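This is a predicted model, so every value here is computed, not measured. The residues of the chain are indexed from 1 along the displayed sequence.
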Amino acid sequence: MSVDLSQSTTGARQERPELQQAIEEIVESGFVGVSLRVRDEQGEWLGAAGVAEVGGAAKPPVNGYVRIGSNTKTFIATVVLRLVAEGRIGLDDRAADHLPGYEVDERITVRMLLQHTSGVFNFSGEVDADGTIVPGILIPYGPTGDQWPEHRFSVHRPQDLVRLALSKPARFEPGTKWSYSNTNYVLARLLIEQVTGRTVAEETQRSILGPLGLSDTVLPDASPEIPEPYAHAYFRYDDGGAQRTIDITRQNPSWISSGGDMISTVRDLGTFISALLGGELLPAPLLAEMCTPHPTGIPNMDYGLGVFVLTTAGGRTVISHNGAAVGHAALMYSTPDGRTTLTAALNCVDDPNLSIAPAFQVAQHRLLGEVFG
């Protein structure tokens, strides 16, 4: 059994046995460890279950560093929308006007990039309606998964990822459908850098991290390092006919770039999503644009600009963006007013077949039910 490490923001004990039981059960479903932060009318609760390292006894740090995967997209979208608020760009500007030299379809707007309605090919690969895999770069999942470990420290330039994607046929006419594509957010990164003359890390620091005091959030670019403390990430794959499991906590995240490369903590993620939805970062009209749902074809899960707009089983609206990053995963949920938040960090043994995915889905639904009803 794990020890309840939760504390409220005032230091008083917060007895939330239902939350501790939930994360214990998530570990039993196949995860190595889980840390959870909930902030609501009862205060702040922090807890952990499982272990930080396979074969070890120490619990995951309750506020350790984790690779947050596609939660990165919410940060990138917020930076772009801050530039819109400053009058530097327009949501309905042609993206090509801000991205000279990339031959972006002139019908694609900044809004379409943030909304995943551009039709641009996903550089990490696509799956056709008949199940055919259209490969992109070498990634940890699918047919190339067993090759990825020996290339996990390779460096990928965002410009090269974009050019690869743009060399492929578009998935559909711009603005006519929805399809999740990491390329959209690498284009958004390049747009930020082109418009501001600063790196995406510098601009994110200026517009989000600095104002909110998020000192534990990192844009690593091509660095494989992760600050301590952290729970370890693992990868199991076929190595010459034998199953092998390795520690891949250190990995070069440039293969996913601003589609999912950031590192943060459950507390920083909670502070960010609460401040964002509470109106601290964007003017009300732009925040409303961000959270306006666009149909994705996924039941009860629409997409705004860098956020998912969910409808819970109980009919409540929740704003979210989750992410997975090869052995690490992060959850980020909030009520539309930013007053109730749930953020979690998970570590696991990942593999090319995404065997952990069903347990990840169950974990999301379990925590959503506990916190949002």
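- Using a 4.0 Å cut-off between charged side-chain N and carboxylate O, Arg189 and Glu193 make a salt bridge.
- For the pair Leu269 and Phe75, the minimum side-chain heavy-atom distance is below 4.5 Å.
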Residues 274-295, side-chain donor-acceptor partners within the protein, below 3.5 Å, at least two apart:
unit_1 : atom_1 : unit_2 : atom_2 : d
Ser274 : OG     : Gly338 : O      : 2.7
Glu289 : OE1    : Arg111 : NH1    : 2.8
Thr292 : OG1    : Ala288 : O      : 2.6

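- When hydrophobic residues (I, L, V, M, F, W, Y) are linked wherever their side-chain heavy atoms come within less than 4.5 Å, Val362 remains an isolated member.
- A donor atom on one side chain and an acceptor atom on the other are not found under 3.5 Å apart for Lys168 and Asn122.
- Residues Tyr141 and Asp350 have side chains that bring a donor and an acceptor to within less than 3.5 angstrom of each other.
- Judged purely by atom type and a 3.5 angstrom limit, Asn353 has no side-chain atom pairing as donor or acceptor with the backbone of Ser355.
- A distance of 6.0 Å or more separates the ring centres of Tyr237 and Trp148.
- Ring planes of Phe308 and Trp178: perpendicular class, angle over 60° (limits at 30 and 60°).
- Other residues, nucleotides and ligands contribute over 12 non-hydrogen atoms within 6.0 Å of the CD atom of Glu225.
- A 6.0 Å sphere centred on CZ of Arg339 holds no more than 12 heavy atoms belonging to other residues, nucleotides or ligands.
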- Take Glu18 and Arg16, measure what salt bridge (Lys or Arg N to Asp or Glu O under 4.0 Å) needs, and give me the verdict at the end. CA-CA 5 Å; Glu18 75 284 1; Arg16 304 287 292 269; 3.1 Å; yes
